[in-house]
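Written below as structure tokens is the structure these notes are about.
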Amino acid sequence: MLSYREVAEQDFGALISAAESWERAAEGFGEAEADHRTRVHHATSGNAEVWSGLSADAATDRFAATERELAAAQEECRGIARLLRDGEAELARLRGRLMSLVEEARAAGFAVNAEGQVSVADRQPNDPETQRLDQVAAEWRLELDRAVSLVSAADMSLALELKDATTGLDLMGGGIFNGAALTDAQVPAGKQAADLALRLHEEGELSEQEWFELNQLMASHADDVAFHRMLLTELGADGLLALSAQVAGHLGDGGDEESRHRYAILEQRLANTVAVATRTPALDGGIPYGQWIHTEEGRFYESWMSDIKEMGTERYEVPGLTDQRVTGYQLLTTVLSSGEGYPSRFLQDMADGIRAAEDPSQGGSRDIWRLRADSGAWDGLSGTELGRFALDPMNTILDVMAGNPEASAAYLDPDRNDNLDYLLNDREWAHLSMEAATSVGYHQNVVETADSRWGMANALESATTGIPVGTESPTENPALHRTEEGARVMQHVVEAFATRDGALISDDGDWSVMRPQLGRMTAAYMGDFQDAISMGVRTMDPPQPSADFGRSDLASFLSQLGRDPEAYGYITASQQAYTAMSVDYVLHTPTGPETTVTDRLNNAVWPGAIIAGLMADARITAVYEDGIAADEAFNENLDVWMEFSGLVLDEAVGKITDNLPVGGSFVEWGVEALKESIDGTLRRDSGEEAAEVADDLYEESYADAIASAERAVTVAANGEYDEAVLQNLHNSVNRAVQSGFGMRIGWKPPEVTE
């Protein structure tokens with residue numbers, strides 16, 4: 001790592017001296033080669049009178065090899081000398097740029113000390129103008145730091161080039177020295193890849209061999225930090241975004257299949273380059289970020305992220321995708337969405353930059369991402385293109401962040417920042433301009449796309465459950481990992497969505513799209529929900545860290561979620577699992593003199609019964625209402641959910657029971673009961689008999705809740721009680737369900753407003 005002082009005090013003349021030494025060495029090897037040729041090789045080769053036979057033939061081959069090695073040694077020396085001279089020229093140029101900045105700062109009235117600190121030369125205490133100049137001085141310091149980082153990057157580049165030149169072999173002479181040191185083969189791999197990428201952008205295409213070389217370089221250096229940092233340094237932020245535009249154009253609706261395949265691979269390689277090159281210290285632990293930023297790696301990161309922030313709002317043409325100019329952030333997040341493994345700090349810095357570009361309170365523009373949909377009058381974005389192009393870079397970066405629970409929780413933590421409030425309450429989510437016919441002509445409506453809030457929903461789920469979103473099957477999902485930050489996010493989200501009768505997550509609410517995620521999040525905090533909705537009636541403390549939902553209207557919140565089949569499945573399964581765990585706890589922990597087992601069982605079952613009643617009422621009300629309005633549409637939605645009902649139910653139960661003392665027999669029974677209840681009873685034509693059918697379903701749900709509690713007792717008892725005692729326990733939980741389910745047996749349809 002180079003400091004300002006080291007750069008300012010260094011004239012790099014030692015590199016020229018070293019180059020001269022290497023050139024003298026080349027001359028020495030040349031003299032040795034000539035001497036060997038005349039006095040050894042030629043003296044014996046082809047002179048049968050002096051020496052002949054097998055030994056002479058073998059010696060001739062060895063002498064020739066030695067001559068080739070001496071020639072290769074000359075080439076290596078000359079190549080290293082050239083690298084040293086070129087490196088000195090570049091370092092001197094960059095140092096000159098730094099010193100010019102210093103002179104400019106001093107001419108503007110600022111002092112620059114030996115460490116590169118910038119201050120107001122003529123300070124006037126308590127002077128408002130001096131305070132303003134202090135801010136300007138800080139900006140000068142950033143400029144000087146960036147100039148120093150460029151020198152450091154050039155220094156690193158020279159070191160890598162010298163390493164390659166001195167450790168590589170030309171593979172032609174089979175010898176010790178690198179006879180190819182003057183050829184392109186010795187250009188550092190990162191620079192080779194950058195040269196090919198820039199050629200692809202400038203010329204529009206590469207030869208088959210060049211495509212192969214580019215892919216080989218990026219694949220073989222997939223985890224090489226120095227390679228990827230050099231690649232990004234050579235490309236620059238503008239070069240990376242311009243190349244990303246070319247990728248987006250070839251992956252649009254146009255382009256042949258082979259070309260699309262090539263560019264899809266390149267997109268993934270570029271995503272990996274960003275992920276590896278931006279590796280930063282963990283948010284908690286490791287070297288403090290304030291120290292790391294002054295290292296060579298830190299200065300690269302700070303400089304590159306600064307360039308991205310500047311170029312992220314610039315516009316780029318994307319032929320093949322649209323005739324509109326799109327922003328750098330839209331292009332970069334499109335690339336990032338094809339990769340994974342990004343550092344937490346990088347994801348947060350990207351989201352911060354995107355917010356600064358769009359948030360009016362931070363000087364941004366609410367419509368900066370706005371683009372037109374496809375139309376006969378213009379080449380806009382088609383439905384297929386919207387499926388893979390990041391129209392909304394904030395939504396996309398949040399979706400990428402959902403794969404990193406630590407980053408999601410830290411970015412959305414309401415105790416650390418106002419990001420969650422901004423995203424839930426203040427942000428503009430509509431960015432697609434669509435043409436609509438009116439009586440007086442055509443009008444442009446700005447609408448949300450189908451997945452416009454999906455990234456936010458996934459980031460919230462990741463932050464609160466600690467499970468990365470995107471794993472493909474329940475068996476690959478890690479166990480729940482709740483954190484203090486995630487619990488605060490969950491509490492804040494419930495408070496926000498429980499207001500105004502849950503209007504934000506109602507059928508036509510702005511956030512109804514995330515009811516499935518909210519169902520999974522609720523499942524992860526079932527102990528806290530049971531504790532809050534029963535106003536503190538508890539059998540045991542909920543898992544930690546916990547969230548406090550006591551101030552929220554949970555009845556409205558849960559009722560809105562219950563209208564969604566997927567959320568209903570998650571919450572119902574987890575409620576049964578957590579209740580069963582509570583029952584198991586009661587039957588296997590001592591009972592004090594002040595209470596009885598039946599009282600404790602009531603406390604274990606009653607909170608879950610309240611939730612079961614709310615969910616049943618909400619789900620069946622939805623069946624009734626949708627049955628009248630659009631029964632066919634409801635069944636179509638149910639079909640979609642049932643396609644992965646096994647995933648939904650197994651995962652919901654698994655998330656709650658992984659670390660809890662509940663037997664597998666309950667889990668099997670719970671899943672099968674839910675499948676029968678949901679699939680067997682809801683999948684029917686209600687038509688004009690909707691009220692009668694809904695009433696039947698409500699009674700079935702009520703009976704299921706009782707059966708669930710009784711079955712939990714049977715499983716937990718595990719044959720340890722005689723039949724009479726077991727029946728008494730069943731009666732106890734039966735009464736608890738009757739009390740909590742809703743204190744009514746029949747379901748009545750909601751009043752319909754004329």
Side-chain angles (χ1 to χ4, degrees), residues 184 187-279 304 307-308 311-312 314 316-322 326-342 346 350 381 384-390 393 396-397 399-400 403:
D184 287 341
V187 174
K191 190 174 187 309
Q192 290 182 58
D195 289 343
L196 288 167
L198 289 171
R199 188 179 310 160
L200 173 62
H201 171 61
E202 292 167 0
E203 300 179 7
E205 190 51 275
L206 294 176
S207 66
E208 291 288 338
Q209 179 61 29
E210 288 170 333
W211 271 112
F212 174 79
E213 290 175 4
L214 180 58
N215 280 319
Q216 284 293 101
L217 284 167
M218 299 186 80
S220 61
H221 294 82
D223 200 46
D224 185 340
V225 176
F227 169 87
H228 293 294
R229 285 178 178 159
M230 179 173 285
L231 174 55
L232 290 185
T233 298
E234 294 292 326
L235 284 177
D238 187 53
L240 174 67
L241 296 177
L243 187 60
S244 300
Q246 189 169 347
V247 170
H250 279 79
L251 293 180
D253 283 344
D256 58 80
E257 184 174 348
E258 181 179 359
S259 175
R260 289 171 60 84
H261 178 67
R262 279 178 171 171
Y263 278 94
I265 293 175
L266 177 59
E267 182 180 53
Q268 293 173 1
R269 303 264 197 243
L270 290 174
N272 181 65
T273 288
V274 175
V276 176
T278 58
R279 286 178 181 169
W304 193 75
D307 291 343
I308 286 295
M311 302 307 298
E314 294 295 316
Y316 293 82
E317 294 183 354
V318 194
L321 179 73
T322 176
V326 308
T327 67
Y329 274 130
Q330 289 170 314
L331 292 168
L332 182 55
T333 52
T334 298
V335 168
L336 296 181
S337 66
S338 69
E340 59 184 4
Y342 304 102
F346 166 73
M350 278 290 296
L381 294 171
T384 301
E385 290 164 341
L386 283 169
R388 69 166 319 280
F389 175 72
T396 302
I397 201 65
D399 200 33
V400 174

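Values in this document were obtained by computation on a predicted structure and should not be read as measured data.
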> Looking at CD1 of Ile308 and CG of Leu241, how far apart are the two atoms once the value is rounded to the nearest 0.5 Å?
Replying inline: 5.0 Å
>> With a sphere of 6.0 Å drawn around CD of Glu340, does it hold more than 12 non-hydrogen atoms of other residues, nucleotides or ligands?
In response: no
>> Let me confirm one number: the CG-CZ distance from Leu206 to Phe212, rounded to the nearest 0.5 Å.
In response: 14.0 Å
> When rounded to the nearest 0.5 angstrom, what distance separates OH in Tyr329 from OG1 in Thr396?
Replying inline: 13.5 Å
> Do you know the tightest heavy-atom contact between Trp211 and Glu205?
Replying inline: NE1-OE1, 2.7 Å
> Relative to each other, are the rings of His250 and Tyr263 parallel, tilted or perpendicular (30° and 60° limits)?
Replying inline: parallel
> At their closest point, which heavy atom of Ala264 faces which heavy atom of Leu251, and how far apart are they?
Replying inline: N-CD2, 3.8 Å
>> Looking at Glu267 and Arg260, is any side-chain nitrogen of the basic one under 4.0 Å from a carboxylate oxygen of the acidic one?
In response: no
> How far apart are the closest heavy atoms of Leu235 and Ala194, and which atoms are they?
Replying inline: CD2-O, 4.2 Å
>> Tell me if a side-chain donor or acceptor on Glu210 pairs with a main-chain N or O of Ser207 at a distance below 3.5 Å.
In response: yes
> Do Val274 and Leu240 have side-chain heavy atoms sitting under 4.5 Å apart?
Replying inline: yes
>> So which atom in Tyr316 and which in Asp238 form the shortest heavy-atom distance, rounded to 0.1 Å?
In response: OH-OD1, 2.7 Å
>> Can you tell me how far apart CD1 (Ile397) and OH (Tyr342) are? Round to the nearest 0.5 Å.
In response: 8.0 Å
> Are Asp195 and Arg199 ion-paired here, with the side-chain N under 4.0 Å from a carboxylate O?
Replying inline: no
>> Applying side-chain contact (heavy atoms from CB on, under 4.5 Å) to Thr278 and Trp304, what does each step give before you reach the verdict?
In response: CA-CA 9 Å; Thr278 58; Trp304 193 75; 3.9 Å; yes
> Measuring from Leu200:CG to Gln246:CD, what's the distance to the nearest 0.5 Å?
Replying inline: 4.5 Å
> Does the side chain of Arg269 reach to within under 4.5 Å of the side chain of Leu214, using non-hydrogen atoms?
Replying inline: no
> Taking it one step at a time, do Arg262 and Ile265 satisfy side-chain contact (heavy atoms from CB on, under 4.5 Å)?
Replying inline: CA-CA 5 Å; Arg262 279 178 171 171; Ile265 293 175; over 6 Å; no
> Between Glu385 and Thr322, is there a donor-acceptor pair closer than 3.5 Å when you use the side chain of the first and the backbone of the second?
Replying inline: no
>> Taking His221's backbone N and O only, do any of them form a donor-acceptor pair with His228's side chain (distance below 3.5 Å, no angle check)?
In response: yes
>> Give me the atom names and distance for the closest heavy-atom approach of Leu217 to Ala189.
In response: CD2-CB, 4.0 Å
> Could you state the interatomic distance from OG (Ser338) to CG (Asn272), rounded to the nearest 0.5 Å?
Replying inline: 9.5 Å
> Is there a side-chain contact between Leu332 and Met350, using heavy atoms and a 4.5 Å cut-off?
Replying inline: yes
> Hey, which of Val247, Val326, Leu243 is the one that makes side chain to side chain contact (heavy atoms under 4.5 Å, CB included) with Leu331?
Replying inline: Val326
>> For a quick test of reading the model, state the closest non-hydrogen atom pair linking Val335 to Ala271 and the distance between them.
In response: O-CB, 3.5 Å
